[in-house]
Amino acid sequence: MGMTEILILLALFVVGAMGGKYSKELNEQKASDKNNNQVEFRIAKLNQVWEKAIRMQLAPVRLSELHSDLKIQEKDELQWKKLKAEGMDEDGEREAKLRRNFNIILAKYGMDGKKDTRTLDSNRLKDHDVKEGDTFDDPKLDKLWNKAKTSGKFSDEELQTLQREFQHHKDKINEYNIVMDTVSRTEEIHKNVISPLEGDMKEHVLHQKHSDLKQRMRNLNQGFERLRKITHEGYSADSEFKEPRVIELWEMAKRSNLSEDELDSLKEELGHFETKVEKHQHYQEQLELSHQKLKHVEALGDKDHIMRNKEKYNTLAEKAREMGYKMKKHLQDLTNKISRNGLQHNEL
């Protein structure tokens, strides 16, 4: 065999290997339903949620956030189906957690059929604007926030960081309330159970939900204590991180059983994660600006101009979804890593 033939075979091998990798990714991205129509997700109920969100005309950034949350849910559910097929999760603990996370998504985006003020708004683009009279619909948080704003301890940049921490804490309170609602509903069902075997299973699910609630309450108390301490003392000169989710993970890690070397390694990884969070926020801001520009151009009626802006908007929307998924997947991995070292935590 000559050198030319060898090179051709090598090229075909490389292309084949790459093709295998990318075709797998393509298949994962482009799922199809029973009628072979292309759909966004491989699980029917997730597609139903996505289609409903589009009909509801959710704001672009919230739609992007929902897509990332549904992608994470899809990944976890497919993983669980594989485990179940292998005879694992006999007690239904993982299944109950998946159902709980799905309920959180529905409530988070106002799709649980409840008309109330619980809907989460964790991706506010106004994080950077500190305005007079901003409130968090929680008396304790409002009182603490007003104290921080008037204390003179914070620069404008620090106040913006602190506002994001307060907003993050408010979102955690809302998540707690959602889980509390699902526990209440499960308890109502539990009262009407006839079969003793079914009753035992529901008892187990309730126990898991109560454990989740207790841990969430502990996290809320620790989070509030941190906010109270910062409000009274200000940020220390050696504050490691600025993003609330990163700060929360770092605080969790310091309370865990990690060694000094493991903490140092995690601290470096959290630095990379914070960069990812900031990049995701940048894409969200660009997406919002692009949407505003598109609406302006559509009002003018220039078809070529509309098409160019629509293409740019669609590209940004895709990028924001992709970055959102990567960021939330990384958050999930980091949370699980810390949880394995002595902490229980729900990552969504």
Side-chain angles (χ1 to χ4, degrees), residues 69 72 76 91-109 112 114 116-122 135-145 147-148 162-191 202-232 241 243-258 328 331-332 334-348:
D69 283 341
I72 292 287
D76 291 344
D91 59 3
E93 184 179 333
R94 289 180 73 119
E95 184 180 10
K97 185 178 177 182
L98 282 169
R99 196 178 297 115
R100 189 160 64 242
N101 285 350
F102 183 64
N103 287 334
I104 289 172
I105 291 172
L106 293 179
K108 184 175 177 180
Y109 296 94
D112 60 347
K114 294 196 170 188
D116 58 19
T117 56
R118 274 178 346 189
T119 306
L120 304 189
D121 195 7
S122 59
T135 58
F136 299 95
D137 301 319
D138 180 280
K140 281 168 69 179
L141 281 182
D142 289 341
K143 186 177 177 182
L144 206 57
W145 172 242
K147 188 171 184 179
L162 186 60
Q163 189 189 31
R164 288 199 296 274
E165 288 208 52
F166 270 77
Q167 181 61 41
H168 181 66
H169 188 79
K170 180 194 170 184
D171 292 343
K172 289 288 179 184
I173 293 170
N174 288 338
E175 284 184 11
Y176 176 85
N177 290 334
I178 291 164
V179 177
M180 176 77 87
D181 278 354
T182 63
V183 169
S184 300
R185 286 200 295 273
T186 309
E187 284 178 338
E188 281 301 311
I189 295 165
H190 184 58
K191 287 175 188 174
K202 283 195 165 66
E203 193 73 53
H204 176 75
V205 170
L206 275 174
H207 175 73
Q208 292 300 327
K209 287 189 174 182
H210 280 295
S211 298
D212 185 23
L213 275 173
K214 284 177 185 174
Q215 185 55 47
R216 283 175 184 273
M217 181 52 76
R218 275 195 291 271
N219 290 343
L220 282 174
N221 289 336
Q222 287 161 350
F224 186 78
E225 275 307 302
R226 173 185 160 75
L227 290 176
R228 193 185 60 77
K229 186 180 178 187
I230 292 170
T231 300
H232 283 83
F241 305 106
E243 287 301 325
R245 278 169 288 200
V246 186
I247 292 166
E248 185 181 33
L249 287 170
W250 181 236
E251 293 297 319
M252 281 171 58
K254 288 191 289 187
R255 294 193 301 268
S256 72
N257 301 323
L258 291 166
K328 288 179 181 183
L331 172 62
Q332 197 178 51
L334 284 164
T335 305
N336 290 337
K337 184 187 287 188
I338 297 167
S339 298
R340 282 195 296 271
N341 288 277
L343 287 168
Q344 293 296 315
H345 186 79
N346 186 292
E347 58 274 350
L348 193 134

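Any value given below was found using the heavy atoms of this structure, including those in side chains, with hydrogens, waters and symmetry copies removed. These numbers come from a predicted model, not from an experiment. Starting from 1, each residue takes its place in the sequence as its number.
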A.B. asks: Please evaluate residues Asp137 and Lys170 with respect to the criterion side-chain contact (heavy atoms from CB on, under 4.5 Å), reporting the C-alpha separation (whole Å), side-chain torsions for both, the decisive distance (0.1 Å), and the verdict.
C.D. replies: CA-CA 8 Å; Asp137 301 319; Lys170 180 194 170 184; 3.4 Å; yes
A.B. asks: Considering all heavy atoms of both residues, which atom of Arg216 and which atom of Tyr176 are nearest to each other, and what is their separation?
C.D. replies: CB-CD1, 3.8 Å
A.B. asks: Please test His168 against Glu248 for side-chain contact (heavy atoms from CB on, under 4.5 Å), starting from the C-alpha separation and ending with a verdict.
C.D. replies: CA-CA 10 Å; His168 181 66; Glu248 185 181 33; 3.0 Å; yes
A.B. asks: To the closest 0.5 Å, what do you measure between CD1 (Ile104) and NZ (Lys97)?
C.D. replies: 10.0 Å
A.B. asks: Roughly how far, to the nearest 0.5 Å, is CD1 of Ile72 from CG of Asn101?
C.D. replies: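 Asn101 CG to Ile72 CD1: 10.5 Å, rounded to 0.5 Å.
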A.B. asks: Show your working on side-chain contact (heavy atoms from CB on, under 4.5 Å) between Leu106 and Phe102 and close with a plain yes or no.
C.D. replies: CA-CA 6 Å; Leu106 293 179; Phe102 183 64; 3.7 Å; yes
A.B. asks: Working to the nearest 0.5 Å, report the span between CG of Leu162 and CD1 of Ile230.
C.D. replies: 6.5 Å
A.B. asks: For a quick test of reading the model, state the closest non-hydrogen atom pair linking Ser256 to Ala253 and the distance between them.
C.D. replies: OG-O, 2.6 Å
A.B. asks: How long is the span from the CG atom in Asp142 to the NZ atom in Lys147, to the nearest 0.5 Å?
C.D. replies: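 The NZ atom of Lys147 is 14.5 Å from CG of Asp142, to the nearest 0.5 Å.
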A.B. asks: Can Arg99 and Glu95 be counted as an ion pair, charged N to O under 4.0 angstrom?
C.D. replies: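 Yes.
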A.B. asks: Checking side-chain hydrogen bond (donor to acceptor under 3.5 Å, both in side chains) between Lys108 and each of Asn103, Asp69, Asp171, which is the one that passes?
C.D. replies: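 That would be Asp69.
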A.B. asks: If you compare all heavy atoms of Phe166 against all heavy atoms of Trp145, which two are closest, and at what distance to 0.1 Å?
C.D. replies: CE2-N, 3.6 Å
A.B. asks: Quick check: do Glu251 and Gln222 have side-chain heavy atoms less than 4.5 Å from each other?
C.D. replies: no
A.B. asks: Any side-chain heavy-atom pair from Asp112 and Ile178 closer than 4.5 angstrom?
C.D. replies: no
A.B. asks: CZ/Phe224 to OG1/Thr231 distance, rounded to the nearest 0.5 angstrom?
C.D. replies: 8.0 Å
A.B. asks: Above 12 or not: heavy atoms from other molecules or residues under 6.0 Å from NZ of Lys254?
C.D. replies: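 Atom NZ in Lys254 is crowded, with more than 12 foreign heavy atoms closer than 6.0 Å.
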A.B. asks: Side chains of Leu334 and Val246, heavy atoms from C-beta outward: is any pair under 4.5 Å?
C.D. replies: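 A side-chain contact under 4.5 Å is absent here.
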A.B. asks: With a 3.5 Å cut-off and no angle check, do the side chains of Gln215 and Asn219 form a donor-acceptor pair?
C.D. replies: yes
A.B. asks: Can you name the nearest heavy-atom pair linking Thr335 to Leu331, along with the distance?
C.D. replies: OG1-O, 2.7 Å
A.B. asks: Between NZ of Lys337 and CE of Met252, what distance do you get to the nearest 0.5 Å?
C.D. replies: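 One gets 12.5 Å once the value is rounded to the nearest 0.5 Å.
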A.B. asks: Do side-chain atoms of His169 reach the backbone of Glu165 as a donor and acceptor pair under 3.5 angstrom?
C.D. replies: no
A.B. asks: When you check the gap from the basic side-chain N to the acidic O, do Glu225 and Arg228 get nearer than 4.0 Å?
C.D. replies: yes
